[in-house]
Each structure stands twice: as C-alpha cells, then as structure tokens.
Amino acid sequence: MRSPTPRAAAFFRLEGAVVPTPAVLAAGWLAANAQHVGQRALRLGAVALTAPFALGVGDPSTGARLAWAALRGTSEDRLRVLGEEYALAHLVPRIRPVALDLVERARRDGCAIVVVSDHPEQVVTPVAEHLRADAVVANRLELRNGRATGRLCDPVVARFGGQPLRRWAVDHGVDLARSRAYGGAAEDQVLLSTIGLPCAVHPDRTLRRVARDLDWPVVEG
C-alpha cells in the first residue's frame, strides 16, 4: 500500500513571532502564584537566575531548565489551572495581528498549523487552541507522583530545528521542503534553516541580519 503524501506545515514560534512575551515571564508568574509564601520566595529566586539567558547571554537550553526548575513540587492540576490562566490573561491578548493573518493564510493554503514554544505545554495548549492549531511542540515538565520535579523532559525546545525537527516531521508525515516557518529571535535560526520557506517576523537584531544575508522575507508585526 502506498503511504500518504507528506503534508506541508507552517511552524510558528510562539515567543517573538506570535507574541512579544518571553517564556521566562511565564515562569516568574507561575512561581509567584505558588500556594505558599515561602515557596514563592524560593521560586522567584530561582527564576531570577535566568535573567542573563533572557537577555541572550548563555545557552537558551540552560536558561529554560533553570526557569522551569522553579516549579518543583507544583501539582499537575495546579500547573494546568495556572497555565491556562496565564495564557488567556497574558498571551492570547498579545497575539500579533500579523501572526493571525499569517496563520489564516497558511491554513487557507492547506498547511497544518504547528505552534513551537519554550513554554510548557500547560501554557501553550490554550494559545494553540485559540489559533486552532493542529499540533504543539512545547517543553514538557517531568512529573512524578502528580507533581513537577523541576526538570524538563528531553528534548528541550529552546533551539528546535535540525535533526529533532526532521525526526518530528517523519513521525507526523510533514514535508519540510514544502513547509513554512516563522520566527522572531536569534535562536530561531535553526528552525528557519531546516524549513523550505523561512520567514522572520518582527525579528531581533541578530535574526534581522541573518535574514538579510540569506534573503529570507521579513514581516513586521
């Protein structure tokens, strides 16, 4: 039996291309809403350690691991409730109008809509549902006995692209050569370089320079 023809997809990086809000702000908000005052202080201190990574200094994967380590001990139910609350209050209202236009254009062209994010899936899922996305590639918090251990499951999404993206495409029947990707930050170079039709959306200085050098289209948001 002949296998189905791989489908084109449109990959949207949540941070930068879809919303201007970095993931570390969500980590801080969720840490601040821990159930006990003592836990809040400890968790906010842990998030503060990620400040240099949020400014582009150091390895983004390390920054992501540090940020979400602040949620150690938080129950799975609490994570889901807080994740949805944060997404609906702080992310959905800040979705760039140009991102909505690009999503709808990609959907009309028959692309599967994929949201890629450094946020944990508890935060990303409500945003993806708002965008009517077909799939989510997000960080996953390791859970043990119904509580977060403070660790992220591998692979960490900070620089999603290259071989991990190729494996994902094979597993999901996606043709990367016919697909599109939209990113806004320097770390999105890996994602955009793996896709046939890359596009920089309201890019930071580094990605803007790369887009100019490689003749990638740039969309302001």
Side-chain angles (χ1 to χ4, degrees), residues 11-35 37 39-74 76 78-96 99 115-128 130 136-143 147-161 182-191 200-207 221:
F11 295 84
F12 288 85
R13 169 64 87 155
L14 179 60
E15 303 81 22
V18 178
V19 298
T21 312
V24 69
L25 294 185
W29 188 91
L30 269 64
N33 284 275
Q35 292 172 316
V37 173
Q39 289 179 335
R40 292 176 189 172
L42 288 172
R43 293 176 182 180
L44 286 172
V47 173
L49 294 174
T50 69
F53 302 96
L55 295 173
V57 179
D59 177 22
S61 297
T62 302
R65 291 184 190 278
L66 285 173
W68 302 112
L71 298 179
R72 180 180 180 183
T74 307
E76 183 176 7
R78 182 76 172 157
L79 286 171
R80 184 171 58 253
V81 170
L82 290 177
E84 181 175 13
E85 184 178 344
Y86 179 82
L88 296 181
H90 299 282
L91 297 182
V92 169
R94 302 195 70 189
I95 293 175
R96 298 183 189 278
V115 177
V116 179
S117 178
D118 290 345
H119 288 81
E121 53 193 5
Q122 290 89 346
V123 173
V124 182
T125 298
V127 183
H130 180 80
V136 167
V137 179
N139 280 319
R140 292 176 297 117
L141 293 164
E142 182 184 74
L143 298 171
R147 292 188 177 274
T149 66
R151 299 184 181 90
L152 290 178
C153 298
D154 288 324
V156 176
V157 177
R159 283 187 173 135
F160 184 67
Y182 303 88
E187 55 264 31
D188 295 332
Q189 294 176 60
V190 182
L191 169 65
V201 180
H202 197 72
D204 62 17
R205 183 179 303 176
T206 299
L207 186 59

With no hydrogens and no angle check, is any side-chain donor or acceptor of [X] less than 3.5 Å from a backbone partner on [Y]?
{"X": "R13", "Y": "V115", "answer": "no"}
{"X": "R78", "Y": "R147", "answer": "no"}
{"X": "E15", "Y": "D118", "answer": "yes"}

For the [atom1] atom of [X] and the [atom2] atom of [Y], what is their distance to the nearest 0.5 Å?
{"X": "Y86", "Y": "L79", "atom1": "OH", "atom2": "CG", "answer": "14.5 Å"}
{"X": "H90", "Y": "L88", "atom1": "NE2", "atom2": "CG", "answer": "10.0 Å"}
{"X": "L14", "Y": "T21", "atom1": "CG", "atom2": "OG1", "answer": "8.0 Å"}
{"X": "E121", "Y": "L141", "atom1": "CD", "atom2": "CG", "answer": "7.5 Å"}
{"X": "L82", "Y": "W29", "atom1": "CG", "atom2": "CH2", "answer": "5.0 Å"}
{"X": "R140", "Y": "Q122", "atom1": "CZ", "atom2": "CD", "answer": "10.5 Å"}

Parallel, tilted or perpendicular: ring planes of W68 versus H119, cut at 30 and 60 degrees: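 Plane angle between 30° and 60°, so tilted.
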
Test item: F12 and V201 side chains (from C-beta on) under 4.5 Å apart, heavy atoms: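 They are not in side-chain contact.
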
Kindly indicate whether the side chain of I95, heavy atoms from C-beta on, has any atom under 4.5 Å from the side chain of H130.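 SC-SC contact between I95 and H130 confirmed.
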
If you look at every heavy atom in [X] and [Y], which pair is closest and at what distance?
{"X": "V136", "Y": "A128", "value": "CG2-CB, 3.4 Å"}
{"X": "A99", "Y": "A17", "value": "CB-O, 3.6 Å"}
{"X": "P120", "Y": "A138", "value": "C-CB, 4.3 Å"}
{"X": "P93", "Y": "A89", "value": "CG-O, 3.6 Å"}

Take a 6.0 Å sphere around CD of E84 and say whether it holds more than 12 heavy atoms from other residues, nucleotides or ligands.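 No.
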
